[in-house]
Structure formats: structure tokens, C-alpha cells
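Comments concern the structure below.
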Amino acid sequence: MSSIIKILPEHVANQIAAGEVVNRPSSAVKELLENAVDAKATEISLYIEDAGKTLIRVIDNGCGMSAEDAQTAFLPHSTSKISAADDLLHISTMGFRGEALASIAAVTQIELRTRHKSDELGTQLEIDGGNIKNIKQIAAPCGTNISVKNIYFNTPARRKFLSSDEVEYRHIEDVFTKVALANPEINFSLYKNSTRVLHLPDGTQHSRIIQVFGNAFQQRLVRVSENLSDVSIDGYICKPDYTKLRSKQYLFVNRRSVKHPGLNYAIESAFAGLIPEKNHPVYCIFIEVDPSTIDVNIHPAKTEIRFNNERLIYSTLHAVVKHAIGINQLSPSLDFDTFQIPLAPRSGNNYSAGNFGNSNHNGGNSNSFSKVSDEFREAYMKSIKEIQKAEEDILQNDIESLQGELPLSEPDTSIIVDSSVFQIAGSYIAAPFSSGLLIIDQQAASERVLFDEFCKKNTQNQSSTKSPAKTLLFPQSIELSASQTETLKEIQPTLELLGWDFSWLGGNTFMINAMPEQGNEKDVQKIIEDIIDLYIQKQMNGGDEMSSAQKIAAAAAKRTSIKHGEKLHKEEMYSLISRLLASSNPHTSPSGQKTLRLLSPEDISELL
Ligand code: ADP
Ligand code: MG
């Protein structure tokens with residue numbers, strides 16, 4: 001038999017490699033921004049058109065490239081940053097794998113203009129799917145101007161997998177924010193379809209965080225800072241009375257944004273007992289360590305990292321955050337920018353190892369998921385869907401029998417409430433029915449009910465006038481970040497249908513005149529911020545099965561729902577149950593959590 005194994009042609013190999021580095025427009029953005037940072041630019045502008053699907057352009061005033069380097073840069077494994085394996089131990093640049101430009105070029109059309117600072121003339125280069133089409137000398141400013149067009153133009157199958165513009169743009173904004181936070185001494189601008197939407201002048205770490213998070217954070221931030229011989233930590237946390245549903249957590253190691261569940265836990269656990277359940281602290285923390293004590297070469301996107309001395313980092317981080325919180329609580333009026341925090345614990349003894357002690361635990365497996373074949377994944381997803389469907393059918397039968405026992409037309413709280421409805425642990429509602437005991441998660445149920453009601457309002461009110469639900473006694477002004485301002489303007493029409501009434505006063509300020517009945521008016525700034533964050537989170541994680549209006553409704557419902565721990569009157573419980581059973585999908589919340597369970601007498605006997 002003749003041989004069947006062949007070496008793939010280079011352009012095919014590059015397209016395959018490109019899949020690892022460039023899995024959506026935002027990954028190309030990340031690589032291009034990092035190249036500009038590595039080129040020591042002091043000014044970086046990012047231009048995005050159609051969420052990066054037609055154009056990503058990065059202009060920097062960094063060192064630029066010579067005519068020869070400009071061509072070599074697009075070859076696989078071409079880098080100026082390392083030359084030997086040993087250099088991997090001392091990486092101080094963002095890039096080093098020498099595969100970004102080659103990978104991006106393999107799946108896009110590129111136009112490059114660059115001039116090295118020591119050359120008089122610059123170079124213009126056009127590359128199409130990895131092949132150089134045109135090269136000439138041009139007059140150009142020192143630095144690099146790279147335009148990446150029509151991503152996946154030659155791999156239509158991949159292009160089909162791109163999400164909506166909204167979703168892809170959110171990812172780009174996320175990448176831009178991280179690079180901007182890590183490099184406050186660089187002047188950044190972001191242009192979206194030719195309009196400048198963000199301008200971040202160079203400044204201090206503190207000023208950069210305020211530019212990105214918004215002015216309201218002036219009062220919320222507390223500095224964390226510690227310098228030891230092996231690790232130094234610097235950054236800011238938000239006071240425990242300001243928490244989020246996770247979206248504002250930034251961790252950097254040697255200025256690289258990283259995901260590290262262990263270190264995240266070190267920070268979160270320092271807040272234990274101080275913040276409500278399911279809430280998360282807000283932080284932006286920078287860790288600096290000797291590059292030879294970490295491994296960043298674990299993942300193609302370099303967002304994962306391994307430390308030689310994870311225990312030390314973990315315990316220092318935990319201690320420094322705990323201290324900052326403690327000092328803040330004792331004397332909240334101290335100026336944390338100038339006050340030196342005396343840190344006591346300097347050893348790792350108080351660290352409970354848990355899962356994080358052995359950093360090599362999962363070593364080498366981080367890529368295994370991407371190796372699972374598509375067919376397997378599809379079959380797996382299909383079987384999960386079938387199981388879910390079967391479960392839902394069973395539940396649906398239960399609900400139909402329950403609906404028979406409750407008057408469902410309009411939630412009517414004047415109905416004599418069956419006194420046997422009661423609350424468990426301030427979070428669940430139990431209601432005996434003839435077919436069994438119904439247990440409801442009050443938070444998930446309330447989210448479902450509000451979501452349905454918001455969606456209904458949304459469709460009913462499309463043509464009629466808006467009706468504010470609760471006019472504020474004193475209109476309140478709120479101050480947001482630039483990107484939140486953009487988002488709030490975008491979702492304003494839908495929020496108005498849900499009972500909000502507000503106007504933009506220019507800059508990042510809005511005046512709130514009315515809000516829906518749910519929610520406390522003194523929290524209005526936080527409620528708006530949370531709705532924006534939740535909406536963005538929905539866009540980034542939720543895929544495209546919900547419409548924009550539904551995502552806004554889901555965000556608003558989640559933010560204003562009844563929470564665990566809230567004491568309810570019997571009328572409120574009764575009303576919640578009847579509205580839930582009458583809702584479009586009584587078994588799950590719009591975020592996919594289970595809302596109820598009916599325990600049949602058989603279930604109960606099994607429990608005993
Ligand atoms: P890496 O960043 O890992 O070295 P890349 O493929 O991203 O690999 O880039 C290859 C090389 O091209 C870099 O090492 C650098 O020398 C050069 N380069 C890329 N972008 C720029 C830029 N904006 N300014 C100057 N040089 C650049
Ligand atoms: Mg690079």
C-alpha cells in the first residue's frame with residue numbers, strides 16, 4: 001500500500017494554526033494592540049468597522065519596521081523578541097511566539113504601512129491570505145499602521161461562526177479595556193465605524209482606572225500595594241459595599257491580563273462574609289514577578305499562566321486585599337493613595353491549599369477541549385438537549401396540574417391566601433398542593449416573572465406612549481464610564497418602555513427622572529450600572545438566541561428581582577407563585593436557573 005501521510009502545504013498549516021490564535025476578530029485585535037505596546041508606542045489608535053468583520057486597524061507611533069523586517073514579520077515563527085529557548089525564561093514583551101502576524105495574515109487581507117525610526121522611507125505591503133501581493137517604498141510617519149480586512153474571507157465556514165456585530169464588538173471592547181488598563185502611560189483611542197468612542201489620555205494607574213470604570217469610582221476604590229523581594233502587588237479593589245456580578249475583575253501578571261481561578265479565589269475569599277451571596281468584588285490588580293518564575297507559554301492566547309511559587313503569590317495577594325479591606329472598615333476617611341499599609345503576614349502559612357496548591361495539577365491538559373472533535377461535541381450537545389427536553393415535559397405535566405388548583409387569570413392578592421404557604425430560610429417558598437409540595441426559588445422565580453412582564457410591556461408599548469412607573473421625588477444625576485454611556489444610550493428606548501425615564505446631560509452624565517416600581521430609588525446609580533453590566537454579559541456569553549430587547553429585559557429582570565434573603569409577606573408569596581405558574585416558562589429563569597420543583601408524595605417518601 002502506498003503511503004498516506006503527507007506534510008501539509010504551508011498555507012494550509014498556517015490556516016490551521018490561525019484557528020488557534022485568531023478565533024474571532026477580538027483575538028486579532030489583542031495581538032495587534034500587543035505588538036504596538038511591544039514596539040514601545042506612546043500613542044495607539046484602534047479603528048473598528050462592522051465589529052472587526054470588515055476592518056481592524058491599529059496605528060502606533062512605536063519603533064516601526066524596516067522593509068526587510070516588514071516582510072519577515074509575516075512568516076511563521078518570526079519574532080524579534082526571542083532567539084533561543086532560554087529566552088523564554090526572561091520574557092518582558094507581550095508577544096514572543098512569532099505566530100500572530102502569520103496567523104492573522106493567513107485568514108485576512110492585510111495592508112501594512114510602517115517606517116523604522118532609523119529609516120528615511122517607509123514600506124507599504126499588501127498581503128492576501130498570506131501571500132505578498134504588492135510592496136513599495138512610501139513616505140510614512142515613524143511607526144506602524146496595519147489594516148486587517150475581511151477576516152476569514154478565504155475560510156467561509158469560519159466566517160459563518162462569527163457572532164452578531166454587537167457580540168463581536170463587546171469582545172473587542174473587552175480586549176481594548178484590558179490592554180488600556182495595563183498600560184496607563186500610553187495614550188489610547190478607539191474608533192467605532194469612524195466615530196471616536198473612547199479617548200484615554202496617558203496618566204497614572206489610578207487615572208486610567210477612573211477613565212475606564214467611570215468617575216463614580218473615585219469614591220469606591222481602595223489601593224492595595226505590597227512590595228516583597230519575590231513579588232510586588234499594586235492596584236485597586238472596590239470597597240465591599242460595592243460589588244458586581246463578576247464583570248469587573250481584572251488581574252494582570254507582568255502587565256498581561258490573565259485568567260487564574262486560584263488567584264481570583266485568593267482575592268474573593270478576602271471579602272468572605274462582607275459581601276452578599278452570589279456577588280463578587282470589583283478589582284483591578286497588577287502582580288509583578290520575575291519572568292523566570294512564571295510560564296506564560298501554556299495557551300496560544302497567553303491568557304493562562306503558571307507560577308513556580310503559587311503559594312507565596314496566593315497568600316500575599318490574600319493578605320494585602322484583606323488588609324486593605326480591614327483598614328478601610330476601621331477608618332474609612334483615610335487617604336489610601338498616600339497611606340502606607342503595614343503588612344504583617346509575610347509567610348504562606350495561613351494559606352489553605354485546596355485545589356490551588358499544586359499548580360502542575362492539570363499541566364498539559366489545558367488544550368484538550370479544543371481537540372475534541374466537532375462531531376463528538378455535536379452529539380454530546382444533542383443528547384444534553386434531549387435530556388433537558390424530557391425533563392421539561394415531565395415538569396410541564398406537573399405545572400398543568402398545579403395551574404388547575406390556582407386561579408391564574410390575573411395575579412390577585414385580594415384572594416384569601418392559603419395560610420399554609422411559607423418561606424424557608426428567607427429564600428425559598430413552600431406551598432402544599434393536593435399533588436404534592438411545591439418548592440420555589442424566590443429569586444429565580446421573580447426573575448422569570450419580571451422578564452415575562454418586561455417583554456410583554458415591550459411588545460405592547462411599541463406604538464403607545466411610555467409610562468414611567470415611579471417618578472423620583474428629586475431627579476438624580478448619575479455618572480458613568482464612557483463605554484457605559486454608549487451602552488445606556490443604545491438601550492435607552494427599551495428601558496423607557498420598562499418604566500425608566502432619563503435624559504443624557506452630555507459627557508457621561510444622565511439625569512434619572514423615573515424608574516420602575518421594583519428597586520430602591522437611592523440605589524438608582526448602581527441599578528443602572530448593573531443593568532448595563534448584565535446586558536453586556538448577556539451579549540458576550542448568551543449567543544444570539546435572544547433579541548437585544550430580550551437581553552435588556554433579562555438584565556433588568558435579574559437586577560430588580562426579589563433576592564435570596566428577602567423576607568416576603570404571604571400575599572407576595574402567593575402572587576409570585578400564581579404569576580410564575582402563568583408565565584411563559586415556569587420551570588426556569590431567563591438565565592437558565594431552575595425555578596421550582598414539585599415534590600410528589602412518592603418523592604417525599606423517598607426522602608424519609
Ligand atoms: P511576536 O509578537 O510574538 O514576536 P508577531 O507575529 O506578533 O510575533 O510579530 C512578529 C514581529 O513583527 C515582532 O517580533 C516585531 O518585531 C514585528 N512587529 C509586529 N508588529 C509590530 C509593530 N506594530 N511595530 C513594530 N514591529 C512590529
Ligand atoms: Mg505579537
Side-chain angles (χ1 to χ4, degrees), residues 10 13-15 17-23 25-47 56-85 87-108 110-119 121-125 127 130 132 135 138 140-148 151 175-176 178-179 182-183 186-189 254-257 291 295-303:
E10 195 166 285
N14 285 349
Q15 274 191 8
E20 295 229 304
V21 182
V22 194
N23 49 38
S26 66
S27 9
V29 171
K30 174 174 183 285
E31 296 296 337
L32 299 177
L33 290 176
E34 290 188 347
N35 279 349
V37 170
D38 284 345
K40 304 243 176 331
T42 57
E43 188 145 359
I44 300 177
S45 301
L46 170 64
Y47 294 78
I56 300 165
R57 174 180 296 138
V58 174
I59 304 181
D60 72 56
N61 64 351
C63 63
M65 286 176 263
S66 68
E68 198 184 336
D69 280 352
Q71 296 170 67
T72 323
F74 292 92
L75 299 177
H77 317 297
S78 63
T79 178
S80 55
K81 298 166 193 173
I82 60 172
S83 51
D87 297 343
L88 279 172
L89 296 175
H90 312 287
I91 292 160
S92 61
T93 48
M94 293 295 112
F96 58 85
R97 296 167 62 110
E99 62 189 0
L101 289 186
S103 304
I104 296 171
V107 291
T108 61
I110 289 187
E111 195 181 300
L112 173 81
R113 272 177 243 163
T114 186
R115 177 166 73 84
H116 190 262
K117 55 185 178 200
S118 59
D119 293 341
L121 276 176
T123 307
Q124 178 171 314
L125 204 62
I127 302 176
I132 296 187
I135 176 162
I138 49 157
C142 172
T144 300
N145 174 334
I146 182 165
S147 302
V148 169
I151 190 163
V175 160
F176 179 84
K178 286 173 177 158
V179 177
N183 298 284
I186 299 177
N187 194 321
F188 283 95
S189 298
N254 295 356
R255 296 210 183 194
R256 200 184 289 285
S257 166
D295 184 358
V296 289
N297 195 16
I298 306 175
H299 187 269
K302 295 164 287 192
T303 52

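All ligand and atom numbering here is 1-based and tracks the order in the structure.
Around NZ of Lys81, the count of heavy atoms belonging to other residues, nucleotides or ligands within 6.0 Å exceeds 12.
The Mg ion (ligand 2) has no N, O or S atom of Thr79 closer than 2.8 Å.
Put simply, no part of Gly62 is less than 4.0 Å from ligand 1, judged by heavy atoms. At least one heavy atom of Lys81 sits closer than 4.0 Å to an atom of ligand 1.
Nearest heavy atoms, Asp60 versus Ala41: CB-CB, 3.7 Å. Contact detail for Pro291 and Ile91: the closest heavy-atom pair is CB-O, 3.4 Å. Shortest non-hydrogen contact noted between Leu125 and Gln71 is CD1-CG, 4.0 Å. Ala28 approaches Ile56 most closely through the heavy-atom pair CB-CD1, 4.0 Å. Minimum interatomic distance between Ile151 and Val22 (heavy atoms only, all atoms of both residues): CD1-CG1, 3.8 Å. Nearest heavy-atom pair across Gly62 and Cys142 is O-SG, 3.5 Å.
Numbered from 1 in the order shown, with element, the atoms of ligand 1 that lie under 4.0 Å from a heavy atom of Gly95 read 2 (O), 3 (O). Proximity to Thr79 (heavy-atom distance under 4.0 Å) selects the following atoms of ligand 1: 1 (P), 4 (O), 14 (O). Per-residue contacts place Gly98 under 4.0 angstrom from the following atoms of ligand 1 (heavy atoms of the residue considered): 1 (P), 3 (O), 6 (O), 8 (O). Near Phe96, meaning under 4.0 Å from any of its heavy atoms, are these atoms of ligand 1: 1 (P), 3 (O). Contact atoms of ligand 1 toward Ala100: 6 (O), 7 (O) (distance under 4.0 Å to a heavy atom of the residue). Residue Ala39 approaches ligand 1 through these ligand atoms, each under 4.0 Å from one of its heavy atoms: 24 (N), 25 (C).
Residues Glu31 and Ile104 form a side-chain contact, since some pair of their non-hydrogen atoms from C-beta on lies under 4.5 Å apart.
Here the protein heavy atom with the shortest distance to atom 12 (O) of ligand 1 is Ala73 CB, 3.4 Å. The nearest heavy-atom contact from the protein to atom 6 (O) of ligand 1 is Leu101 N, 2.9 Å. Of all protein heavy atoms, the one lying nearest to atom 17 (C) of ligand 1 is Met65 SD, 3.7 Å. In terms of protein heavy atoms, atom 10 (C) of ligand 1 is closest to Ser78 O, 3.4 Å. The nearest protein atom to atom 22 (C) of ligand 1, hydrogens excluded, is given as Thr144 OG1, 3.7 Å; this is a heavy-atom distance. For atom 23 (N) of ligand 1, the nearest protein heavy atom (residue, atom name, distance) is Asp60 OD2, 2.9 Å.
Checking side-chain atoms of Asn183 against main-chain N and O of Val37 turns up no donor-acceptor pair under 3.5 Å.
Side chains of Ser92 and Asn254: no donor on one and acceptor on the other come within 3.5 Å.
For a threshold of 3.5 Å applied to N or O pairs, the pair formed by Asp38 and ligand 1 contains no separation below that value. Polar contact with ligand 1: present for Ser80 (N/O pair, distance under 3.5 Å).
Checked options Glu111, Arg113, Arg57; the residue passing with Ser147 is Arg57 (criterion: side-chain hydrogen bond (donor to acceptor under 3.5 Å, both in side chains)).
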